[in-house]
Amino acid sequence: MTPEEILEALDPEQRQAAEALVGPVCILAGAGTGKTRTITHRIAYGIAKGFYTSSRVLALTYTNRAAGELRLRLRQLGVPGVSVKTFHAAALAQLQYFWPQYAGVPAPTVIESKARLIAKVAEPLKISFDPASVRDLAAEIEWRKYSMLSLDEYASLVESRPKVAGLSAEKNLQLQVAYEDAKAQANRLDWEDVLILTLGLLRAEPRALAHVQTQYRFFTVDEYQDISPLQHALLDQWMGDHDDLCVVGDPNQTIYSFTGATSAFLNGFADRFDDATVVQLTRNYRSSQEIVAFANRLTQGVSGLDPLESQGALGIAPVIRQAATVADEANQIAQTIADKLAQGCPPHEIAVLYRVNSQSEPIENALAKIGIEYQVRGGERFFGRKDVQQAVQAIRVEAISNNEKPVYQAVSDILRSLGWQSQEPNEKGAALERWQALTAILQIVDEVPELTTLAEFAKELEERQRSQHEPQRSAITLATIHAAKGLEWDHVYLAGVTEGYVPISYAKSEAEIAEERRLLYVGVTRARKELTLSWPRSESAGGRNREASRFLALLSRNH
């Protein structure tokens, strides 16, 4: 593509951001305003104009899914050689490369999950944990490390921290010390250690630092409002004295403060760089005018960004529904979804969102009762399925034999050899799930560039497996609002919008309540065409009463 062709797809503000190729650039991008399009076109334009070399650009994200999406978009623009990685993946690659050179031994391996180790070290301390409490303690460990606090520094302020999993400050500290000791004895790291050790190594070893700073010169950081002090310190180390940094973020979507993330770096970008180019993207291409107007009520008077301007149709007014009990609310949602499906709405265009994982059970029960398939985001990984692994392995083997058939034909032939048929099976359950999984591999074929070879497709699958960039499944999505960030659906149901959940019961301070408000904003802006918010008056018939979320009053105003 020519440089001008790359810019043709952008609106005036997106184009302004894409043409700002050198120096510090801050893109304040509201929900649905095309931030991924903007930064990928900016990178492609910079390479086409000769400002950048692909190999010297590093684009950083916070999730594997976001990295996979950026990588795919850049490939579609004819720019395959850019490094697109999460902060953790970039740091781990550097640690594994440099550690043997300076320590003389391979780098320690990373634990898969903190939960198992936390549960293990809790036993001798006679502390019994449920899964939610383990997650809470893991989040507190992450907050400490992302905030760059040593255990001694944390000990001096633990009394002022919110109580974690019902533990006293003393027990909390005991557990964290035991966790770190067990990890050290096993010569293992957690993902925060990867960042800490990489930062320490680069600060201590000038040759390693020079190597990295020579390798990468131009940086792009997605979701910059979610960066932590630790990640920012590492970014500064990678950049050195250069200021060719493009950041994109939305202050209204700052929802990870509990892990140490802070929007202070985004909000203070222009103060740090006097010559910064700052561009606002406020044209929302995702949602209907009614949904955008609804969302703007949540940010009115508290946002550092201008209100969103919908570029969509007028649409249907969002609905706020009340139900007698939690079960009634779940049944209402399930029946409305059944009606949507009967009208021909694709299942993958429907999502039910909620504040915490425990809220999914009644919704799952209601959907299962009337035979509606669903997937819980964060459940079984697509590439973890045995049938998918078998198919990927078969494609890899066939690719080695220099199969010259068109990739779609080659892949469909391989899938047929594994028992797949083009016709959807009549039976439900495992047989249907297997068919859907293998069919999803064919859908990936549709996403790769034309004339892709089977060998190139095999590499694409390996990359997607590594980055957990999973195909879309034809099922209703159930997810927490946090897990839904960055995603969108035609029809969204926000369930359990009550005091105690939105805002969550432990949000007490003004800052914590403001974050809960932003979280609801993220949920609202996931919807393209239709949005329903609901809340139950009680847990169950004759059970504990609930109150509607205070934020619903904001949304109901003038509505």
Side-chain angles (χ1 to χ4, degrees), residues 61 63-73 75-76 84-86 89 110 112-113 346-351 360 364 367-368 372-401 403 405-449 452-479 483-484 486-487 489:
T61 69
T63 67
N64 289 313
R65 183 190 172 282
E69 178 67 22
L70 268 177
R71 203 177 292 115
L72 177 63
R73 298 266 197 108
R75 260 205 315 274
Q76 289 170 342
V84 184
K85 299 179 179 181
T86 64
V110 182
E112 290 181 11
S113 164
H348 64 264
E349 288 295 0
I350 301 174
S360 76
E364 291 183 58
L367 291 170
I372 295 177
E373 286 195 52
Y374 62 86
Q375 58 180 343
V376 179
R377 191 158 178 81
E380 184 185 22
R381 292 286 184 190
F382 175 79
F383 286 106
R385 291 180 59 97
K386 286 185 179 178
D387 40 25
V388 172
Q389 291 177 343
Q390 183 184 16
V392 170
Q393 179 62 25
I395 290 168
R396 191 181 296 129
V397 169
E398 188 65 26
I400 295 171
S401 68
N403 187 315
K405 293 179 185 176
V407 68
Y408 190 93
Q409 183 186 341
V411 173
S412 59
D413 286 349
I414 292 166
L415 296 182
R416 286 179 200 281
S417 74
L418 298 174
W420 176 84
Q421 295 179 343
S422 58
Q423 192 71 28
E424 180 177 333
N426 291 322
E427 63 265 45
K428 301 290 182 185
L432 179 60
E433 287 183 9
R434 184 174 192 275
W435 181 86
Q436 290 172 334
L438 296 181
T439 302
I441 293 177
L442 270 180
Q443 291 170 353
I444 297 175
V445 175
D446 293 334
E447 297 176 15
V448 299
T452 294
T453 66
L454 189 62
E456 289 168 339
F457 183 69
K459 287 181 182 176
E460 170 73 12
L461 290 177
E462 287 176 26
E463 182 57 52
R464 287 188 179 223
Q465 186 170 8
R466 188 163 48 248
S467 66
Q468 296 171 14
H469 183 200
E470 302 185 352
Q472 200 173 59
R473 188 179 147 200
S474 187
I476 309 300
T477 298
L478 306 186
L487 303 174
W489 298 268

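Along the sequence shown, the residues carry numbers beginning at 1. In this text the structure is predicted, and so the values were computed from the model without any measurement.
- The shortest non-hydrogen separation linking Ala410 to Lys405 is CB-CB, 4.1 Å.
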task: Could you check Ile350 against Trp489 for side chain to side chain contact (heavy atoms under 4.5 Å, CB included), going step by step and ending with a plain yes or no?
output: CA-CA 6 Å; Ile350 301 174; Trp489 298 268; 6.0 Å; no
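- The side-chain hydrogen bond (donor to acceptor under 3.5 Å, both in side chains) check on Trp420 picks up Thr439, with sequence neighbours excluded.
- Within 6.0 Å of CD in Gln443 there are more than 12 heavy atoms belonging to other residues, nucleotides or ligands.
- In this structure, Glu364 and Val376 have side chains that are in contact, with non-hydrogen atoms separated by less than 4.5 Å.
- For Glu398, the side chain to side chain contact (heavy atoms under 4.5 Å, CB included) partners are Ser401, Asn403, Ile414, Leu454, not counting sequence neighbours.
- For Glu349, the side-chain hydrogen bond (donor to acceptor under 3.5 Å, both in side chains) test picks out Arg528, with sequence neighbours left out.
- Here the shortest heavy-atom pairing between Thr63 and Thr61 reads O-OG1, 3.0 Å.
- Closest of all the heavy-atom pairs between Ala458 and Ala399 is CB-CB, 4.2 Å.
- Residues forming a side chain to side chain contact (heavy atoms under 4.5 Å, CB included) with Ala89 (at least two apart in sequence, or on another chain): Lys85, Thr86.
- Of all heavy-atom pairs spanning Arg385 and Ala437, the tightest one is NE-CB, 3.6 Å.
- Within the 4.5 Å cutoff, side-chain heavy atoms of Leu367 are placed close to those of Leu478.
- Put simply, the side chain of Gln409 never gets that close to the backbone of Pro406: no donor and acceptor are under 3.5 Å apart.
- Residues passing the salt bridge (Lys or Arg N to Asp or Glu O under 4.0 Å) test with Glu69, sequence neighbours excluded: Arg73.
- Evaluation of the side-chain hydrogen bond (donor to acceptor under 3.5 Å, both in side chains) rule for Lys459 yields no partner, not counting sequence neighbours.
- Every residue two or more places apart in sequence or in another chain that forms a side chain to side chain contact (heavy atoms under 4.5 Å, CB included) with Ala391 is listed here: Leu415, Leu418, Leu438, Ile441.
- The distance from atom CD of Gln423 to atom CH2 of Trp435, rounded to the nearest 0.5 Å, is 8.0 Å.
- Rounding to the nearest 0.5 Å gives a distance of 6.5 Å between CD of Glu424 and CD of Gln436.
- Every residue meeting the side-chain hydrogen bond (donor to acceptor under 3.5 Å, both in side chains) condition with Arg396, not counting sequence neighbours, appears here in chain and number order: Gln393, Glu462.
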